[in-house]
There are 2 protein chains.
Amino acid sequence: MTESRQHPTLATVARAAGVAVSTASLVFAGKGPVSAATKQKVLDAATELGFHGPDPRARSLRNGRSGVVGVVVQTSVISAFRDPVNVGMVDGAAEVLGEAGAGVLLLTDAPHARRVFEDAPMDAAVLTGCSPWATELLGSLRRRRVPTVLVGSRPRRGSPAVDVDNPAASRELAQHLYRLGHRRAATVTLALDTDDAPAVDADRLAAATADTAAERLQAFWDVFPNGRALAATDSTVEEGERIGRMLLDVPEPPTAVVAQSDLLAVGVLRAADALGLAVPDRLSVTGFDGIDTSALDPRPLTTMRQPMQQKGRDAASAVLRMLDGARPRSVLLDCEFVPGATAAPADCAAQHH
Amino acid sequence: MTESRQHPTLATVARAAGVAVSTASLVFAGKGPVSAATKQKVLDAATELGFHGPDPRARSLRNGRSGVVGVVVQTSVISAFRDPVNVGMVDGAAEVLGEAGAGVLLLTDAPHARRVFEDAPMDAAVLTGCSPWATELLGSLRRRRVPTVLVGSRPRRGSPAVDVDNPAASRELAQHLYRLGHRRAATVTLALDTDDAPAVDADRLAAATADTAAERLQAFWDVFPNGRALAATDSTVEEGERIGRMLLDVPEPPTAVVAQSDLLAVGVLRAADALGLAVPDRLSVTGFDGIDTSALDPRPLTTMRQPMQQKGRDAASAVLRMLDGARPRSVLLDCEFVPGATAAPADCAAQHH
DNA sequence: CTGTTAGCGCATTCAA
DNA sequence: TTGAATGCGCTAACAG
């Protein structure tokens, strides 16, 4: 019984099989023309030595590719994944990347994980969201010459972006309310910047760092120029309820609230319930995303369904094409209006006046 | 204006700075004793050439470490992350690994991603759940000599496991019901195996591949030897409702249902609502996990809170210790009983008899 | 404190 | 078809 060697390598195996390393390499790559007999010899030797394929680390140095794509989400994994939109996106990306044989390196923009971000081996990256850090991270990626695709923001510095058509979708939602007769509408935006204060005016919008929130708000104001806007700090039910109360617990509440996400909208529904405002009779509420909220609230939300997984898939495809040397164009996906049951004609509300 | 070079390397930088490569290496590693002047020269040259740190791929070959830890979840990312328990676990792991400078490679047991699983560079792995594939994946990891920590299953083949004390926690829950006077109890288990059929008997339990489900069921039967058990296929509200109906829509329904997860328990609550069985007056329901279900159901669940993030953190710490050559012991975490409001004395139920 | 040297394990030339 | 030789970019000895 031979003593177990340090660590079997291709060279070890080749020597044991009595062939050249290049031959053994071909066998494991399944590429070149190798005679069946030689192949078998190599395979046998490998089994004998307990060698199960070439070392990924050595391959990546040699090939200049590690087969890993970084997917960067905002803040901690737990808060990012509380939102089904992010989960869907990562899933879509993982699916396409997995089929292409690429791994998903889960990265966050958390400061304490910067070391990982800087040092991690990755051939390309998908950068999601538009946190204040995003710009800095993108800069770092560019310096390292890591091809990057953005998700949920505008294209920047040569990096293509995959996103939904926020202006069109948001306008459609606002116009839907307008056509229903609503004239006093308010909106709850996603985080616009790092500021915790809810009040949003034109100046703050102009300075906003979050493209998605800004675009959706702009579209809302296009339709309701005087509509009140308050910014949430997170896309959660709790935030929606908190901001919803601020919006609704006033002498003359709006007859419609446009929430920039479904989770926020559910929160607004709760605020309305707490204040005794019947939805949709006295208040219309719209969301954004099209996630399954049946577990959160029985009322089907009037919302725009966005193709979350498709965003991830398209981002992954784009990243893969960039690795092939192409310069893919940005992608703008369409959303689909979901009628739901939380928006109704404003007349009802007016009657209560 | 000089033309941009192919790709700046440490050697390039060192030459430009007029120092030895090893010196430049030390500068970027921030380790050795380098004079401030030399250091500056190197940094300047690097900036000049657009060199921003050593290539991770080359480092990993040289160091034999890629700084990446694989975290394997069951099935697709999307279905795994629909369950807050998994999200919490991954978050805990990401936190500890991130602080240690290690990246998280998100892996699944999906067959189409096997190539990634086999080829991905990783120094160690955290293997969660106990899908039928888990055993095979563990075998593959062992052959590659990738130190692995299991989460949510028993220790196997030399790999330590991090888990909660399912027998103790489940017994406590069952005994709580027993002491409340319940004698006719039933249970909804997590997936026990790949079989879709709900009915579970002792034989099926004996053949179960999912340790968690099996342990919790065993503990239930220890207290309620004749209690009916039906297996869910997933830990979701929908499954809980489906199985809940099977359990409750019978002539003599049980007075208590032990669900093996909170999501399943919420489903059971819905089934009870649909059948007009008041909880907790005529039916007691318990869950497991201690996730926040307030968004799903107003009634605070009687359940066991398990430290989800701690599981991830402990698994990550164990993996890190294994990378240091240690052989960490398995960890069994305690759960905490949460009284909630969905379990009450059986008397009430009996009175309706 | 700094320079020289020798591989890490592999994929790919180029010859035979 | 197969074999020998080269270097991917870096770090860690060691010697100055």
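The chains referred to below are lettered A, B, ... by the order of the sequence lines, with proteins before strands, and numbering in each begins at 1.
- For the pair A/Leu49 CG and C/dG9 P, the interatomic distance rounds to 14 Å; values are reported in whole Å.
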Problem - salt bridge (charged side-chain N to carboxylate O under 4.0 Å, His left out) evaluation trace for B/Arg144 with B/Asp119 - result: CA-CA 10 Å; B/Arg144 285 175 60 184; B/Asp119 289 346; over 6 Å; no

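- Per the geometry, NZ belonging to B/Lys39 stands 12 Å off P belonging to C/dT2, to the nearest Å.
- Using the six-membered ring where Trp is involved, B/Phe81 and A/Phe81 have ring planes that are tilted, between 30° and 60° apart.
- Put simply, the side chain of A/Phe117 does not reach to within 4.5 Å of the side chain of A/Asp109, judged on heavy atoms.
- Within 6.0 Å of CZ on A/Arg154 lie more than 12 heavy atoms contributed by other residues, nucleotides or ligands.
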Exercise for the section: Summarise protein proximity over nucleotides 7-14 of chain D in one line of letters, 5' to 3': B for base, S for sugar-phosphate only, - for none, counting protein heavy atoms closer than 4.0 Å. Expected result: BBBBBBB-

Handout entry: Steps toward side chain to side chain contact (heavy atoms under 4.5 Å, CB included) verdict (A/Val68, B/Val68)
Key = CA-CA 10 Å; A/Val68 169; B/Val68 169; over 6 Å; no

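- Within 4.0 Å of B/Ser60, counting heavy atoms only, lies no atom of the nucleic acid at all.
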